[in-house]
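Shown below is the structure under consideration.
Remember, it's 1-based here, ligands and their atoms both numbered in the order they're listed. Residue numbers start at 1 and run along the sequence shown.
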Amino acid sequence: MKSKPIHASMSHFQVENNNLLIGGKTLAQIEELVGSTPFYAYDSNVLASTIGELKQALPNKIKLHYAIKANPFPHLVHFIKPLVDGFDVASKKEMLLAIQTKMPLDEISFAGPGKTIDDISASIVAGVTLHAESITEITRAIEVGRRLSIKPNIAIRVNPAFELKASGMKMAGGAKPFGIDEEQVFELLKSLDYEQMNFRGFHIFAGSQNLNSEAIIEMHHKTFKLSQQLIRASKVKIDYVNIGGGLGIPYFPGENWLDISPICQHLEHLLSEHAETFDCVDVIMELGRFIVGRSGVYVSKVVDVKQSRETEYAVCDGGLHHHLANSGNFGQVIRKNYPVSIGNKINTPAEEYKKATLVGPLCTPLDILGDKMLLPSIEIGDYAVVYQSGAYGASASPQGFLSQPNLSEILL
Ligand SMILES: Cc1ncc(COP(=O)(O)O)c(C=O)c1O
């Protein structure tokens, strides 16, 4: 009998009988562990193998940093710590988490616009590197550093003139609130008071969620060229260039896993072409979702099944308030379905599948988990699983909305 076991692209998870396993446990076992649904579960084997394969493919020279904003679940961040070379943080709270993992301080960078005096002084005391997003931030860091008698570690986030084409989220090129425009940076480098800081280098982050290897290759080409010019224009020796990230993961029908081998080969080529420039300069790649996205699932339980005219609805105990991105309300223009399965009916034969719409418990039509999806026949008590949920899930969702019960997270 032909079976449609699991969403084809989710075969990195184990299956036992009809059950999806996360970290070797069935969803019913995980429910026992955490006490109730809904929950996020992260598979540490998948996480470790994703990072291992990525490091294997990247040139040795490239350091890999994890952007904690993608998933700040503390146990997960501690687990990742020995597997990567550094952390990027986007707030004081993320910075406190990062330093408590005992990651070497010179491998922690603090980026993001709107850093307050409090953020800046905390990061100077901690000894991490500020990625300055504006001239004001540099001035503030110098003033705070003087007051504290500690030289601030500063790198400049550069808003390049180019953009990352075909990107899910463009974060550079044209007018952007991130970084300092490259034209201004060249001027700034002439007048910077290098005595007042440890000037560490440059951060060029052009975009996020990109599945087009050619666009990423073109971005790397331009990033290396710009970096070379910036290094030449700096009056002191720098420690690193952070070339950003942007590697995406497939969420929606028709999207494919990114083939990173041409990207890595091209990086190898760029490194040998620019070998002299980067001889004593580290090159850092900074990734969030590519590291954690595929390792996580969001699981809720079906509490009601009802028919409304032509549509069968499965009403689940989790939804938009825990997984905003899956509901289509986190930057998407048109809502599309994430990969979804019924986690206790994984090996149901394809001919037994039928269409159902999975919704959450919130009294809003926006609370959709999966719209008109082909799934095994759904019953009350089944587990609805949303894949590709390891990044921008719990921490990127309005958990207080409608005062629903709390969410659990577990790394297994
Ligand atoms: C500066 C910076 N670094 C890293 C990331 C992580 O991006 P992703 O999770 O797509 O890899 C972002 C995302 O917005 C970012 O703004």
Side-chain angles (χ1 to χ4, degrees), residues 42 47 50-51 54-55 58 62-73 76-77 80 84-91 94-95 97-98 107-115 119 123 128-134 137 155-160 163-173 176-180 201-213 215-216 219-220 223 240-252 255 257-258 260 263 283-296 324-325 330-332 388-397:
Y42 311 111
L47 191 47
T50 305
I51 299 174
L54 179 60
K55 288 188 90 171
L58 283 170
I62 305 268
K63 285 186 162 181
L64 181 63
H65 281 201
Y66 171 57
I68 290 181
K69 62 163 69 93
N71 190 331
F73 182 49
L76 178 133
V77 175
I80 290 177
V84 297
D85 302 300
F87 286 136
D88 168 62
V89 303
S91 65
E94 286 187 3
M95 181 194 76
L97 172 58
E107 300 290 356
I108 300 175
S109 53
F110 186 171
K115 292 182 205 76
D119 294 329
S123 60
V128 309
T129 301
L130 279 162
H131 281 188
E133 304 268 351
S134 69
E137 280 191 7
I156 295 178
R157 178 160 175 192
V158 183
N159 174 26
E163 60 175 31
L164 173 51
K165 292 189 184 130
S167 191
M169 240 185 280
K170 291 191 203 307
M171 300 191 64
K176 289 284 178 296
F178 315 112
I180 305 174
F202 301 99
H203 180 205
I204 306 171
F205 188 92
S208 173
Q209 181 48 18
N210 196 300
L211 291 170
N212 183 322
S213 50
I216 294 170
M219 168 190 76
H220 284 156
T223 304
Y240 66 82
V241 174
N242 181 323
I243 62 168
L247 310 191
I249 59 170
Y251 291 104
F252 306 123
E255 291 183 342
W257 293 99
L258 182 65
I260 59 166
I263 297 171
V283 181
I284 297 167
M285 187 181 251
E286 169 182 306
L287 295 172
R289 76 185 77 220
F290 195 84
I291 289 178
V292 289
R294 73 205 285 261
S295 70
L324 189 66
F330 192 57
Q332 297 95 326
Q388 303 293 70
S389 298
Y392 307 108
S395 69
S397 301

message: Quick check on contacts: which atoms of ligand 1 are under 4.0 angstrom from a heavy atom of A67?
response: 4 (C), 6 (C)
- request: Could you find the nearest protein heavy atom to atom 5 (C) of ligand 1 and give me its residue, atom name and distance?
  value: F205 CZ, 3.4 Å
- request: Starting from atom 9 (O) of ligand 1, find the nearest protein heavy-atom neighbour and note its residue, name and distance.
  value: Y392 OH, 2.5 Å
message: I want to know whether F73 and Y42 have ring centres closer than 6.0 Å.
response: yes
- request: Return a yes/no value for E286: is any of its N or O atoms, backbone included, closer than 3.5 angstrom to an N or O of ligand 1?
  value: yes
field: Side-chain (N71) to main-chain (G390) donor-acceptor, under 3.5 angstrom
entry: yes
query: For the side chain of Y392 and the backbone of G293, is there at least one donor-acceptor N/O pair under 3.5 Å apart?
result: no
task: Mark the output for F290 as yes if a heavy-atom distance to ligand 1 is under 4.0 Å, and as no if none is.
output: no
message: Which label fits H131 and H203: parallel for a plane angle under 30°, tilted from 30 to 60°, or perpendicular past 60°?
response: tilted
query: Which of the numbered atoms in ligand 1 are below 4.0 angstrom from a heavy atom of D88?
result: 3 (N)
task: Taking only heavy atoms of M171 into account, list the atoms of ligand 1 that are under 4.0 Å away from them.
output: 14 (O), 16 (O)
message: Out of all atoms in ligand 1, which are within 4.0 Å of some heavy atom of L287? Include the element for each.
response: 11 (O)
message: Measuring from non-hydrogen atoms of K69 to any atom of ligand 1, is the shortest distance under 4.0 Å?
response: yes
query: Could you go step by step and tell me if R289 and Y251 meet the side chain to side chain contact (heavy atoms under 4.5 Å, CB included) rule?
result: CA-CA 11 Å; R289 76 185 77 220; Y251 291 104; 3.1 Å; yes
statement: Between A98 and I68, the two heavy atoms sitting closest are CB-CD1, 3.9 Å
- prompt: Side chain of D85, backbone of L64: donor and acceptor closer than 3.5 Å?
  reply: yes
query: Just by distance, do the side chain of E286 and the backbone of G245 share a donor-acceptor pair under 3.5 Å?
result: no
query: Does an N or O from G288, backbone or side chain, lie closer than 3.5 Å to an N or O of ligand 1?
result: yes
- prompt: So which heavy atom in the protein is nearest atom 10 (O) of ligand 1, and how far is it from that ligand atom?
  reply: S208 OG, 2.6 Å
message: With a heavy-atom distance limit of 4.0 Å, tell me whether H65 approaches ligand 1 through its side chain, its backbone, both, or neither.
response: neither
- line: With heavy atoms and a 4.0 Å threshold, my read on which part of A111 contacts ligand 1 is neither
- request: Select one of side chain, backbone, both or neither to describe which atoms of L247 lie under 4.0 Å from any atom of ligand 1, heavy atoms only.
  value: neither
query: Looking only at heavy atoms, which two atoms of E255 and I249 are closest? And how far apart?
result: OE1-O, 4.2 Å
